[in-house]
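Can you read through this structure? Questions will come right after.
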Amino acid sequence: MTANHTELLSALVDGELQGQELDKALQLLNNNELTREQLQRYQFASDVLHGNTRDNQRIDLSASVAQALDEEPVYSDKTKEKVNKASVIVLPKQFWQQAAGLAMAASIGALAVVGVVSQPQNQLVPIRTVANEVPVETTTVATTGNRWTVGEAEVADRLNTYLVDHNEYAGASDVFSYARVVSYEAGQ
Amino acid sequence: MDQELVQRVQAGDKKAFDLLVLKYQQRIVHVITGFVHDPVEALDVAQEAFIKAYRAIPNFRGDSAFYTWLYRIAINTAKNYLTAAARRPPTMDVDAADATNYYDAPELKEFETPESNIMRNELEQAIHQAIEDLPEDTATAIKLREFEGMSYEEISQVMDCPIGTVRSRIFRAREAIDARVNEIMNQGEQQ
């Protein structure tokens with residue numbers, strides 16, 4: 001071991017090596033036991049100065065740790081990328097297709113219900129709820145027991161159109177493909 | 001440099017982790033001894049902490065200093081060890097934020113024995129004496145490095161000399177200190 005090598009080790013203890021010099025130091029440490037001992041002595045003296053030693057004994061865990069790590073995987077840049085990407089959940093394309101179909105079907109359903117409810121034959125009366133003489137909220141309910149009246153041709157038509165549309169969209173998006181929806185016929 | 005070593009480990013260089021072990025093993029064992037007083041058990045826990053660190057290193061992004069991160073792993077490993085052994089972890093704690101500059105925590109000193117204190121004082125005095133015996137420039141360089149924590153570049157500015165000269169002076173100081181420490185350690189072994 002030359003003076004240049006030991007000077008390299010001294011700089012290594014101070015964390016002042018980078019790039020090629022660090023490569024060289026690592027190579028020296030791997031190939032030369034005396035170099036390892038020298039590095040540990042320098043490091044030990046520095047640790048003593050800072051009160052970082054236990055009973056001022058020289059400890060060497062490196063061999064046992066290295067042995068234990070023999071069975072551990074060797075990482076690669078891909079491992080790092082995998083870890084970084086692990087936090088992002090990527091959903092399959094099929095999920096988004098189904099979700100879009102479901103959303104579309106729900107929207108059409110909501111539109112149909114709103115359309116039916118707002119028919120003029122349904123007399124809706126506002127009811128004021130009173131609690132302790134203080135108005136709290138106003139709600140609206142239908143006065144009839146049925147949600148909609150199917151006896152009228154116009155309502156039956158709208159329902160029929162809705163069901164046919166629903167069936168078409170559902171088929172296109174794989175949503176409810178197992179469900180068989182038939183058109184509604186007035187009077188049934 | 002630690003960050004570069006970590007990146008090398010993350011890229012598949014296991015030997016770079018070996019260097020991190022060599023660098024921090026004394027400190028980690030010292031910290032763990034504050035929790036796990038049995039010397040043999042403390043070494044086992046320290047080894048476990050390093051293995052845990054290796055397993056977790058792909059997740060290390062460098063948001064904190066490597067030693068701060070390693071220090072937290074060591075403390076948690078020690079506490080888990082005591083819990084598993086049905087022993088109560090000490091209530092005292094050391095702030096992880098101070099881990100990088102963590103030298104003389106009084107909480108940990110209370111576990112030292114009178115004999116170890118004598119040995120510690122003897123070694124410390126020998127090192128200080130070795131530094132005082134150095135030529136002035138060499139002594140100043142090692143003092144600025146070890147006691148003030150300055151980088152080589154900062155020391156070169158303070159001492160108004162090239163970085164290569166700083167490196168060379170610090171190396172010579174370490175050689176002198178090493179010779180003195182070896183002398184003391186050999187005397188201790190003979191007794």
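All values derive from a computational prediction rather than experimental measurement. The sequence lines fix the lettering, A, B, ..., with proteins before strands; numbering per chain opens at 1.
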**Prompt:** Say you draw a straight line from CE of B:Met1 to CD of A:Glu21; how long is it, rounded to the nearest 0.5 Å?
**Reply:** 11.5 Å
**Message:** Quick check for you: among B:Asp2, B:Ile142, B:Leu19, B:Ile177, which has the greatest number of heavy-atom pairs under 4.5 Å with chain A?
**Reply:** B:Leu19
**Request:** For residues B:Arg8 and A:Asp23, determine if any side-chain heavy atom of one lies less than 4.5 Å from a side-chain heavy atom of the other.
**Result:** yes
**Request:** Please round to the nearest 0.5 Å and tell me the distance separating atom OG of A:Ser64 and atom CG of B:Asp44.
**Result:** 8.5 Å
**Request:** Please flag which part of A:Gln27 lies under 4.5 Å from any non-hydrogen atom of chain B: side chain, backbone, both or neither.
**Result:** neither
**Message:** Need one label for B:Ile57: side chain, backbone, both or neither, based on atoms under 4.5 Å from any heavy atom in chain A.
**Reply:** side chain
**Request:** Starting at CG of A:Leu69, measure out to CZ of B:Arg55 and round the result to the nearest 0.5 Å.
**Result:** 8.5 Å
**Which portion of A:Leu26 sits near chain B, non-hydrogen atoms under 4.5 angstrom** = side chain
**Request:** Heavy atoms only: give me the nearest B:Tyr54-A:Val74 pair and the separation to one decimal.
**Result:** OH-CA, 3.9 Å
**Prompt:** Is there a side-chain contact between A:Val48 and B:Glu124, using heavy atoms and a 4.5 Å cut-off?
**Reply:** yes
**Complete:** One should read off an interatomic distance between B:Leu22 CG and A:Ser62 OG, to the nearest 0.5 angstrom, of 4.5 Å
**Asked** When only pairs under 4.5 Å are counted, which of A:Leu22, A:Leu39, A:Asp60 shares the most heavy-atom pairs with chain B?
**Response** A:Leu22
**Item:** B:Glu4, CD: over 12 other non-hydrogen atoms inside 6.0 angstrom
**Value:** yes
**Item:** Engaged part of A:Glu72 at the chain B interface, taking heavy atoms whose separation is under 4.5 Å
**Value:** both
**Message:** Using heavy-atom distances under 4.5 Å, tell me whether A:Ile59 contacts chain B through its side chain, its backbone, both, or neither.
**Reply:** both
**Request:** Run through B:Arg145, B:Lys23, B:Glu146, B:Arg174 and flag the one making a side-chain hydrogen bond (donor to acceptor under 3.5 Å, both in side chains) with A:Ser46.
**Result:** B:Glu146
**Prompt:** Can you find a side-chain donor-acceptor pair between B:Ser151 and A:Glu16 that sits under 3.5 Å?
**Reply:** no
**Asked** Do the side-chain N and O atoms of B:Glu175 and A:Tyr42 include a donor-acceptor pair separated by under 3.5 angstrom?
**Response** yes
**Item:** Approximate separation, where rounding is to 0.5 Å, of B:Asp178 CG and A:Leu9 CG
**Value:** 11.0 Å
**Fill in**
Bottom line for B:Leu43: the part with an atom under 4.5 Å from chain A's heavy atoms is both
**Complete:** For A:Tyr75 and B:Gln10 the tightest heavy-atom approach is CB-O, 3.5 Å
**Message:** Just checking B:Asp63: does its CG atom have more than 12 heavy atoms from other residues, nucleotides or ligands closer to it than 6.0 angstrom?
**Reply:** yes
**Complete:** Heaviest contributor of heavy-atom pairs below 4.5 Å to chain A, chosen from B:Val181, B:Asp13, B:Val29, is B:Val29
**Asked** Above 12 or not: heavy atoms from other molecules or residues under 6.0 Å from CD of A:Glu37?
**Response** yes
**Request:** Taking all non-hydrogen atoms of both residues into account, name the closest pair between B:His30 and A:Thr53 and its distance.
**Result:** ND1-O, 3.3 Å
**Fill in**
Residues B:Phe171 and A:Ser10: closest non-hydrogen pair is CA-OG, 3.5 Å
**Request:** Say whether, by atom type as modelled, one donor and one acceptor occur between the side chain of B:Gln25 and the main chain of A:Leu61 under 3.5 angstrom.
**Result:** yes
**Asked** Checking B:Lys15 side chain against A:Asn30 main chain: does a donor-acceptor pair fall under 3.5 Å?
**Response** no
**Message:** Testing the basics here: between B:Lys14 and A:Pro73, what is the closest heavy-atom pair and its distance to 0.1 Å?
**Reply:** CE-O, 3.9 Å
**Message:** Counting C-beta onward and ignoring hydrogens, is there a side-chain heavy-atom pair between B:Ile170 and A:Glu7 closer than 4.5 Å?
**Reply:** no
**Message:** For the interface with chain A, which of B:Ala173, B:Ala42, B:Pro39, B:Ala16 has the highest count of heavy-atom pairs at distances below 4.5 Å?
**Reply:** B:Pro39
**Request:** With the side chain counted from C-beta on, respond yes when B:Met150 and A:Asp14 share a heavy-atom pair under 4.5 Å apart, and no when they do not.
**Result:** no
**Fill in**
Assert top hit (heavy-atom pairs under 4.5 Å, partner chain B, pool A:Ala25, A:Gly15, A:Ala68) equals A:Gly15
